[in-house]
Amino acid sequence: VQLQAYGGGLVQAGGSLRLSCAASERTFGVYGMGWFRQAPGKEREFVVAVSMKGDATYHADSVKGRFTISRDNFKKVFLQMNSLKPEDTALYYCAATRGSSWYLGEEYAYWGQGTQVTVQR
């Protein structure tokens, strides 16, 4: 599975961005999908994930109530980010998993190349 993340950019604090992740695989529907992020000098961290069927989502505490993940039937996953904060600045990655340990990066077999999100004060 090849994944391509896009939609990042520069935004003011309090603003919104919508990231997208496009999958190449027609069996995209068998994978749970997640978003992770990594800020300079920090470890990669889990952000949000959606189950294979799209009927369950999982969020890091830091983004609850602000970020929403969704998926369509056409090999895409979306991350709607509202009320952005400077601490959300990071390189955002989408990833695919056949497992259910949503919070663990090691569970994800496929990764996109990352898209940069920068939030200015």
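The salt bridge (Lys or Arg N to Asp or Glu O under 4.0 Å) test applied to K53 returns no partner, not counting sequence neighbours. For S101, there are no side-chain hydrogen bond (donor to acceptor under 3.5 Å, both in side chains) partners two or more places apart in sequence or in a different chain. For E106, the side-chain hydrogen bond (donor to acceptor under 3.5 Å, both in side chains) criterion is met by no residue, not counting sequence neighbours. In this view, Q80 and N82 satisfy the side-chain hydrogen bond (donor to acceptor under 3.5 Å, both in side chains) rule, not counting sequence neighbours. The salt bridge (Lys or Arg N to Asp or Glu O under 4.0 Å) test applied to D61 returns K64, not counting sequence neighbours. Contacts of S70 classified as side-chain hydrogen bond (donor to acceptor under 3.5 Å, both in side chains), with partners at least two apart in sequence or in another chain: none.
W111 shares a hydrophobic cluster with F36, F46, Y58, L91, Y93, W102, Y103, Y108; the chain of contacts runs through ILVMFWY side chains whose heavy atoms sit under 4.5 Å apart.
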Side-chain donor-acceptor pairs under 3.5 Å in residues 114-121, sequence neighbours left out?
unit_1, atom_1, unit_2, atom_2, d
T115, OG1, G8, N, 3.0
Q116, NE2, A90, O, 3.4
Q116, NE2, T118, OG1, 3.4
Q120, OE1, Q12, NE2, 3.0

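Among pairs with a residue in residues 5-120, those fulfilling disulfide (SG to SG under 2.5 Å) read C21-C94, at least two apart in sequence or across chains. Applying the salt bridge (charged side-chain N to carboxylate O under 4.0 Å, His left out) test to pairs two or more places apart or on separate chains, those with a residue in residues 76-98 are R37-D88, R66-D88. Residue pairs meeting the disulfide (SG to SG under 2.5 Å) criterion with at least one partner in residues 47-80, sequence neighbours excluded, are absent.
Counting heavy atoms from C-beta on, the side chains of M33 and L3 come closer than 4.5 Å. Contact check for W35 versus I69: side-chain heavy atoms found under the 4.5 Å cut-off.
With rounding to the nearest 0.5 angstrom, the CG atom of L84 is 5.5 Å from the CG atom of L17. The CZ atom of F67 sits 6.0 Å away from the CG atom of L79 when rounded to the nearest 0.5 Å.
In this structure, S20 contributes its side chain and Y6 its backbone to no donor-acceptor pair below 3.5 Å.
For the pair A23 and V1, the tightest heavy-atom approach, listed with the atom from each and the gap, is CB-CG1, 4.3 Å. The minimum heavy-atom distance between A13 and P86, with the atom names listed, is CB-CD, 4.1 Å. Taking both residues in full, the closest heavy atoms of K42 and Q38 are given as O-NE2, 3.0 Å, listed atom of the first, atom of the second, then distance.
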- [ ] I would like to know whether Q4 and Q113 meet side-chain contact (heavy atoms from CB on, under 4.5 Å); could you show each step before the answer?
- [x] CA-CA 6 Å; Q4 183 174 7; Q113 83 287 3; 3.9 Å; yes
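Placement of L19 and F78 in two distinct hydrophobic clusters is found when ILVMFWY residues are connected by side-chain heavy-atom separations under 4.5 Å, directly or transitively.
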